[in-house]
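Here you go, one structure.
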Amino acid sequence: MAIQVYGFWRSIASFRVRVALKLKGLPFEEIPVDILSGQQFKPGYEDVNAERVVPTFIHDGYSLFQSLAIIEYIEDLQPEPPLLPHDPKERAYARSLALTTVADGHPLITPRVRNHLAKTFAADAHAVESWSGHWTTEGLATYERLFARRPPAPFALGEAPGLADICIAGHAIAAHFLKLELTAFPALARLAERCFALPAFATSHPFEQPGYKAHALR
Ligand SMILES: N[C@@H](CCC(=O)N[C@@H](CS)C(=O)NCC(=O)O)C(=O)O
């Protein structure tokens, strides 16, 4: 089976797909699309991804977008180890945790939203950072309230990392990019630490990607 992922080192959604593939032990090739320099808007990439975002997932020529849909496809392709629980209530809870960042937090801080704030509403760099920090903190606080009701044990849904942990770890990366302190969110911070102790998470981290290393050397 041949898997390719169009992604970007800094992209939280690409991180999510990278971790899922690594937890499943599925080899893949990552093709970089520099979304900070606008490569996603080049006509060639629009043919690959109509939304002009990363990630795009290609499996034996079949192309798919949206990280959550991609991860659920990977789950169907390779059921072991499971990323979603089998129990319907637990599955729904895992998806709820995932969507807190995938549907609610992350979309508000993507480059296109930040650029639109700057270009259309004359938001300066400080205002854009403040906007992103606000919405990311809202997500952190939501997770912390949820973890007060049901503490991770040790991962969000139990003994093994899954979809929810992947998405929460991505949210923690976004917080780090925005220089947000996690001290007020200790349960989330511990969960993220547990995740990044695992090779699948650690090697998927943006700072571990060749694109970051090249960027840092510039
Ligand atoms: N909901 C989508 C989000 C995709 C997305 O917005 N990706 C970002 C990178 S994390 C992107 O490509 N942004 C390009 C832009 O904002 O112009 C998913 O989970 O795949």
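When a residue number appears, it is its place in the shown sequence, counting from 1. As the structure lists them, so they are numbered: ligands from 1, and atoms in each ligand from 1.
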### Backbone of Ile58 reached by a side-chain donor or acceptor of Tyr6 within 3.5 Å
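No, Tyr6 side chain to Ile58 backbone: no donor-acceptor pair under 3.5 Å.
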### Query
Got an N/O contact under 3.5 Å between Val54 and ligand 1?
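Val54 vs ligand 1: N/O contact under 3.5 Å present.
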### Query
Which ligand 1 atoms are under 4.0 Å away from a heavy-atom of Ile12?
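Answer for ligand 1: 10 (S).
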### Sub-4.0 Å atoms of ligand 1 with respect to non-hydrogen atoms of Ala13
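Taking each heavy atom of Ala13 in turn, ligand 1 has 10 (S), 18 (C), 19 (O), 20 (O) under 4.0 Å.
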### Task
Mind running side-chain hydrogen bond (donor to acceptor under 3.5 Å, both in side chains) on Gln40 and Glu46 for me, showing each step along the way?
CA-CA 7 Å; Gln40 70 274 37; Glu46 190 179 274; over 6 Å; no
### Tyr212 and His205 side chains, donor-acceptor separation under 3.5 Å
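No donor-acceptor contact under 3.5 Å links the two side chains.
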### Message
How far is atom 2 (C) of ligand 1 from the closest protein heavy atom, and which atom is that?
### Response
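Answer for atom 2 (C) of ligand 1: Gln66 OE1, 3.1 Å.
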### Query
Any heavy atom of Phe41 sitting closer than 4.0 Å to ligand 1?
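Distance cut 4.0 Å: Phe41 passes for ligand 1.
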#### Entry: Donor-acceptor contact present, side-chain Glu75 to main-chain Leu84, <3.5 Å
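Yes; judged by distance alone, with no hydrogens or angles, the pair exists.
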### Min heavy-atom dist Arg114 to ligand 1 below 4.0 Å
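Heavy atoms of Arg114 never come under 4.0 Å of ligand 1.
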### Query
So, the side chain of Glu29 versus the backbone of Gln4: is there a donor-acceptor pair under 3.5 Å, distance only?
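Looks like no, no N/O pair under 3.5 Å.
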### Task
Would you indicate which of Ser67, Cys167, Pro107 comes nearest to atom 18 (C) of ligand 1 when only heavy atoms are counted?
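Nearest option to atom 18 (C) of ligand 1, by heavy atoms: Ser67.
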### Task
Compute whether any side-chain donor of one residue and acceptor of the other, for Thr56 and Tyr45, lie under 3.5 angstrom apart.
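Judged by distance alone, the side chains do pair up.
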### Query
For atom 6 (O) of ligand 1, which protein heavy atom lies nearest, and how many Å away is it?
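So the nearest neighbour among protein heavy atoms is Arg112 NH1, 2.9 Å.
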### Element-labelled atoms of ligand 1 that are located less than 4.0 Å from some non-hydrogen atom of Pro55
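Counting from 1, the qualifying ligand atoms are 20 (O).
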### Query
Can an N or O of His106 be found at a distance shorter than 3.5 Å from an N or O of ligand 1?
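Min N/O separation from ligand 1 is not below 3.5 Å for His106.
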### Query
Counting distance only, does the side-chain N/O of Gln209 pair as donor-acceptor with the main-chain N or O of Phe15 below 3.5 Å?
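Here the side-chain-to-backbone pair does not exist.
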### Query
Where's the contact between Glu51 and ligand 1, heavy-atom distance under 4.0 Å: side chain, backbone, both or neither?
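Neither part.
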### Query
Just distances here: any N/O of Gln40 and N/O of ligand 1 closer than 3.5 Å?
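N/O-N/O distance under 3.5 Å: yes.
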### Query
Going by atom types alone, do Arg18 and Ser204 pair a side-chain donor with an acceptor below 3.5 Å?
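Distance-only check fails for Arg18 and Ser204.
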### Query
Does Ser11 reach ligand 1 with a nitrogen or oxygen that is under 3.5 Å from one of the ligand's nitrogen or oxygen atoms?
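No, Ser11 has no N/O under 3.5 Å of an N/O on ligand 1.
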### Query
Nearest heavy-atom pair of Arg150 and Ala156: which atoms, and what distance?
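That closest heavy-atom pairing would be NE-O, 4.1 Å.
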### Message
Looking at ligand 1, would Leu68 count as a contact under a 4.0 Å heavy-atom criterion?
### Response
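Checking ligand 1 against Leu68, which is what was asked, there is no heavy-atom contact under 4.0 Å.
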